[in-house]
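Notes to accompany the following structure.
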Amino acid sequence: MTCLLRHVKTHAVLIIHVLLLTACATQPPSDPQHIGIVTTWHGLPSVTRNGKTYLLSNQSRIYPGDIVKNDGTSQVNIHMIDDTQIILGGESHFVFHEYDFVPGSFFPTARMTFASGRMRARTENVTRAWFGQFKIQTPLATIQPDTADFWAEVTSKDNRLEVIMLEGKQVQVGNDHGSVQIKRQQFGTTVRAGSAPKTPQIWSKRALDSIRKSTAPRGPDQ
């Protein structure tokens, strides 16, 4: 009886071992370093990585430390590893410092710098986590969305930042002079150098329609 039990246990261990090896072999190859993939692009968007500059196109991968730049007519749509969508429009200069996300994690972190131009983001799983941190630093204030679809523009000509929440829970905008929380859809704030963000106000339908049109994904021939 003892020999029989030992025989059964041995076979069970062998079967489990084979199953584990089969499962590992059928896992698709992964790239643990990339944090996003380009899904659509227009014009000549580029990325600077390790001192070298490359043009971006469909399925190009984005890595921590990448600097994405667009000229006045270019656009790039990036699908991040947590399903967040980031659209960078004309004249944009955007740096991906860190994008640390693992499904089920309580503490995912995304840190970026938005230096100039126009952008739109529809945040997902990083901002849905209990203690997720999603921060975009600009020259005038820090943008911290909480599961939101928002648009932002940094204008270097008059040193101004505008942030509008199109949909979602809220977007916090703050600097050393103060902060505001945009909690109502279609409301936005303006920040100027040396000043706190202004009290959120509703944006006109014309302005909102223009924003949605300018940030709609565009292909290379559009």
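It should be emphasised that the depicted structure is a prediction, and the values quoted were computed from it without experimental measurement.
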Discussion item. What's the separation between atom CD in Glu91 and atom OG in Ser156, rounded to the nearest 0.5 Å?
Written reply: 8.0 Å
Practice prompt. Please report the C-alpha distance between Ser116 and His93 in whole Å, then the side-chain angles of each, then the deciding distance to 0.1 Å, and finally whether the side-chain contact (heavy atoms from CB on, under 4.5 Å) criterion is met.
Written response: CA-CA 5 Å; Ser116 63; His93 182 288; 3.5 Å; yes
Discussion item. So Met119 and Ile87, do their side chains get closer than 4.5 Å, heavy atoms only?
Written reply: no
Worksheet item: Could you walk me through whether Tyr99 and Phe101 pass the ring-ring contact (aromatic ring centres under 6.0 Å, His included) check?
Response: CA-CA 6 Å; Tyr99 214 100; Phe101 172 76; 7.8 Å; no
Discussion item. What I want to find out is whether Arg160 reaches Glu162 closely enough, with some N-O distance under 4.0 Å, to be called a salt bridge.
Written reply: yes
Discussion item. Using only atom types and a distance under 3.5 Å, with no angle test, would you say the side chain of Asp71 pairs donor to acceptor with the backbone of Ser74?
Written reply: yes
Worksheet entry | CA sep, side-chain torsions, deciding dist, call: Met80, Ile86, side-chain contact (heavy atoms from CB on, under 4.5 Å) | CA-CA 8 Å; Met80 306 305 293; Ile86 296 177; 4.0 Å; yes
Discussion item. Tell me whether Tyr54 shares a hydrophobic cluster with Ile62, the cluster being built from Ile, Leu, Val, Met, Phe, Trp, Tyr side chains joined at under 4.5 Å.
Written reply: yes
Fill in: From OH (Tyr63) to NE2 (His34), nearest 0.5 Å
7.0 Å
Fill in: Heavy-atom side-chain contact between Val68 and Leu56 under 4.5 Å
yes
Worksheet entry | Distance-only side-chain donor-acceptor flag, Thr127 / Asp146, under 3.5 Å | no
Worksheet, complete the sentence: To the nearest 0.5 Å, atom CG of Asp83 lies from atom CZ of Arg122 at 11.5 Å
Worksheet item: So if you build clusters from Ile, Leu, Val, Met, Phe, Trp, Tyr with side-chain heavy-atom gaps below 4.5 Å, do Met165 and Met112 land together?
Response: yes
Item to complete: Heavy atoms only: give me the nearest Ala141-Thr138 pair and the separation to one decimal.
Response: O-OG1, 2.7 Å
Worksheet item: Checking side-chain contact (heavy atoms from CB on, under 4.5 Å) for the pair Ser195/His177: CA distance, chi angles, key distance, verdict?
Response: CA-CA 6 Å; Ser195 302; His177 305 282; 5.8 Å; no
Practice prompt. Indicate the ring-plane relationship of Phe131 and Phe107, choosing parallel, tilted or perpendicular according to the 30° and 60° boundaries.
Written response: parallel
Worksheet item: Are there more than 12 heavy atoms of other residues, nucleotides or ligands under 6.0 Å from atom CG of Asp158?
Response: yes
Worksheet item: Have Thr147 and Thr123 got a donor and an acceptor in their side chains that come within less than 3.5 Å?
Response: no
Item to complete: Could you tell me whether the side chains of Thr113 and His97 share a donor-acceptor contact shorter than 3.5 Å?
Response: yes
Discussion item. Minimum heavy-atom separation for Ile136 and Phe150, please, with both atom names.
Written reply: CD1-CZ, 3.8 Å
Discussion item. Looking at every heavy atom in both Val171 and Ala148, which two are closest together, and how far apart are they?
Written reply: CG2-CB, 3.7 Å
Fill in: Residue that, paired with Pro45, satisfies side-chain contact (heavy atoms from CB on, under 4.5 Å) out of Leu55, Asn77, Val76
Val76
Worksheet entry | Within one Ile-Leu-Val-Met-Phe-Trp-Tyr cluster: Ile211 and Val163, side-chain cutoff 4.5 Å | no
Discussion item. Please give me the minimum heavy-atom distance between Val180 and Pro200, naming the atom from each residue.
Written reply: CB-CD, 4.1 Å
Discussion item. Evaluate Val95 against Phe114 for side-chain contact (heavy atoms from CB on, under 4.5 Å), listing each step before the verdict.
Written reply: CA-CA 7 Å; Val95 184; Phe114 177 42; over 6 Å; no
Discussion item. Side chains of Ile37 and Ser60, heavy atoms from C-beta outward: is any pair under 4.5 Å?
Written reply: no
Worksheet item: Are Leu161 and Phe187 linked, directly or through other ILVMFWY residues, by side chains that come within less than 4.5 angstrom of each other?
Response: yes
Discussion item. Between Thr189 and Thr199, is there a side-chain heavy-atom distance shorter than 4.5 Å?
Written reply: no
Worksheet item: Any side-chain heavy atom of Arg212 sitting closer than 4.5 Å to one from Leu166?
Response: yes
Practice prompt. Working to the nearest 0.5 Å, report the span between OG1 of Thr142 and CD of Gln137.
Written response: 3.5 Å
Fill in: Nearest heavy atoms of Glu124 and Thr84, plus distance in Å
N-OG1, 2.9 Å
Discussion item. Would you compute the distance between atom CZ of Arg49 and atom CG of Asp66 and round it to the nearest 0.5 angstrom?
Written reply: 4.0 Å
Discussion item. I'd like to know if the side chain of Asn70 and the backbone of Gly90 have a donor-acceptor N/O pair within less than 3.5 Å.
Written reply: no
Practice prompt. Can you see which heavy atom on Ala115 is nearest to which on Val154, and at what distance?
Written response: O-CG1, 3.2 Å
Discussion item. Check for me, please, whether Val191 and Ile164 land in the same ILVMFWY cluster - side-chain distances under 4.5 Å, paths through other members count.
Written reply: no
Item to complete: Report the C-alpha distance between Lys205 and Asp209 in whole Å, list the side-chain angles of each, state the deciding distance to 0.1 Å, and finish with yes or no for salt bridge (charged side-chain N to carboxylate O under 4.0 Å, His left out).
Response: CA-CA 6 Å; Lys205 183 179 182 302; Asp209 288 344; 2.7 Å; yes
Discussion item. Let's go through Thr53 and Thr48 carefully: what are the C-alpha distance in whole Å and the side-chain angles of both, what is the deciding distance for side-chain hydrogen bond (donor to acceptor under 3.5 Å, both in side chains) to 0.1 Å, and is it a yes or a no?
Written reply: CA-CA 4 Å; Thr53 300; Thr48 300; 3.1 Å; yes
Discussion item. Distance check, rounded to the nearest 0.5 Å: Trp41 atom CH2 versus Gln75 atom CD?
Written reply: 12.0 Å
Discussion item. For the CD atom on Gln201, are there more than 12 heavy atoms of other groups (residues, nucleotides or ligands in this structure) within a distance under 6.0 Å?
Written reply: no
